[in-house]
Amino acid sequence: MNNVPVYKLRLARTLYNNFYRARLQDANGEDAGQLLIVPGLPLDRSQLPENAPIADPYLLVIVEDADINKNNVIDFEEGVSRAVLAKFTTETTSFKHCEFYYPSPAFYFAQEEE
């Protein structure tokens, strides 16, 4: 682990069921990005065949805007995962991990080195 950033989330529900918008803030309270978060909740066991595998809940995190590059993406995802998992975990639901998606990863990673 390098220097993992600490993030805070400002969360808002959207007009769609189980879709959340999040404004990401760094430790100084400055805007650090905008996310769309979609909880992936498995079906209730009563709706599945007996031999169906067990599926853990997860969070899909779509990064709409953030100051990331190929050198800090791992630290970014680790810091965001901590903030998002803490915000969404409740007494009844414990999310195990986040899945990250980017609008255009090739754009971010093809940027010139400064």
Side-chain angles (χ1 to χ4, degrees):
M1 281 186 284
N2 293 337
N3 190 13
V4 178
V6 175
Y7 293 112
K8 289 188 245 176
L9 294 176
R10 290 181 46 212
L11 204 58
R13 295 184 77 177
T14 68
L15 296 175
Y16 297 97
N17 202 19
N18 288 333
F19 275 64
Y20 300 87
R21 287 232 172 260
R23 170 81 55 195
L24 194 61
Q25 295 178 328
D26 64 15
N28 299 325
E30 299 291 324
D31 283 341
Q34 185 170 322
L35 312 172
L36 180 65
I37 303 170
V38 183
L41 300 168
L43 292 172
D44 188 82
R45 294 299 295 177
S46 65
Q47 297 177 318
L48 301 170
E50 280 185 36
N51 61 347
I54 294 175
D56 292 324
Y58 71 96
L59 293 164
L60 172 62
V61 178
I62 301 169
V63 180
E64 295 178 333
D65 181 36
D67 184 20
I68 57 172
N69 58 49
K70 65 182 178 183
N71 298 322
N72 69 357
V73 70
I74 293 172
D75 291 336
F76 172 81
E77 287 186 4
E78 187 173 346
V80 170
S81 290
R82 289 179 183 177
V84 170
L85 290 171
K87 191 74 151 182
F88 278 85
T89 298
T90 64
E91 291 179 12
T92 58
T93 305
S94 177
F95 292 94
K96 303 297 181 196
H97 69 282
C98 297
E99 295 281 336
F100 284 84
Y101 289 92
Y102 300 88
S104 179
F107 171 78
Y108 289 111
F109 299 130
Q111 293 176 354
E112 293 288 324
E113 294 284 329
E114 292 184 15

Go through the structure and list residues passing side-chain contact (heavy atoms from CB on, under 4.5 Å) with Asp44, not counting sequence neighbours.
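Listed in chain order: Ser46, Gln47.
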For Glu30, what residues pass the side-chain contact (heavy atoms from CB on, under 4.5 Å) criterion, not counting sequence neighbours?
Asp26, Asn28
Check: [Y] and [X] side chains under 4.5 Å, non-hydrogen atoms:
X     : Y     : answer
Leu24 : Leu9  : yes
Phe95 : Thr90 : no
Phe88 : Leu11 : yes

Are the side chain of [X] and the backbone N or O of [Y] linked by a donor-acceptor pair below 3.5 Å?
X     : Y     : result
Thr14 : Phe19 : yes
Asn69 : Asn72 : yes
Arg82 : Tyr7  : no

Remaining members of hydrophobic cluster (4.5 Å side-chain criterion), Leu15
none
To the nearest 0.5 Å, what is the distance between [atom1] on [X] and [atom2] on [Y]?
X     : Y     : atom1 : atom2 : value
Leu59 : Leu41 : CG    : CG    : 8.5 Å
Lys8  : Arg23 : NZ    : CZ    : 14.5 Å
Asp56 : His97 : CG    : NE2   : 8.0 Å

So Leu85 and Tyr58, side chain to side chain contact (heavy atoms under 4.5 Å, CB included) or not? Walk me through it.
CA-CA 9 Å; Leu85 290 171; Tyr58 71 96; over 6 Å; no
Minimum heavy-atom separation for [X] to [Y], with atom names?
X     : Y     : result
Pro39 : Asn18 : CD-O, 3.0 Å
Pro42 : Ala55 : CG-O, 3.2 Å
Thr93 : Pro57 : CG2-CG, 4.2 Å

Shared ILVMFWY cluster between [X] and [Y], side chains joined below 4.5 angstrom?
X      : Y     : answer
Val61  : Val73 : yes
Phe100 : Ile74 : yes
Ile68  : Val6  : no

Derivation and outcome, side chain to side chain contact (heavy atoms under 4.5 Å, CB included), residues Val63 and Val80:
CA-CA 10 Å; Val63 180; Val80 170; over 6 Å; no
Atom CG of Asp67: over 12 foreign heavy atoms under 6.0 Å
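Counting other residues, nucleotides and ligands, CG of Asp67 stays at 12 neighbours or fewer.
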Start with the C-alpha distance between Leu36 and Arg21, add both sets of side-chain angles, then the distance that settles side chain to side chain contact (heavy atoms under 4.5 Å, CB included), and finish with yes or no.
CA-CA 5 Å; Leu36 180 65; Arg21 287 232 172 260; 4.2 Å; yes
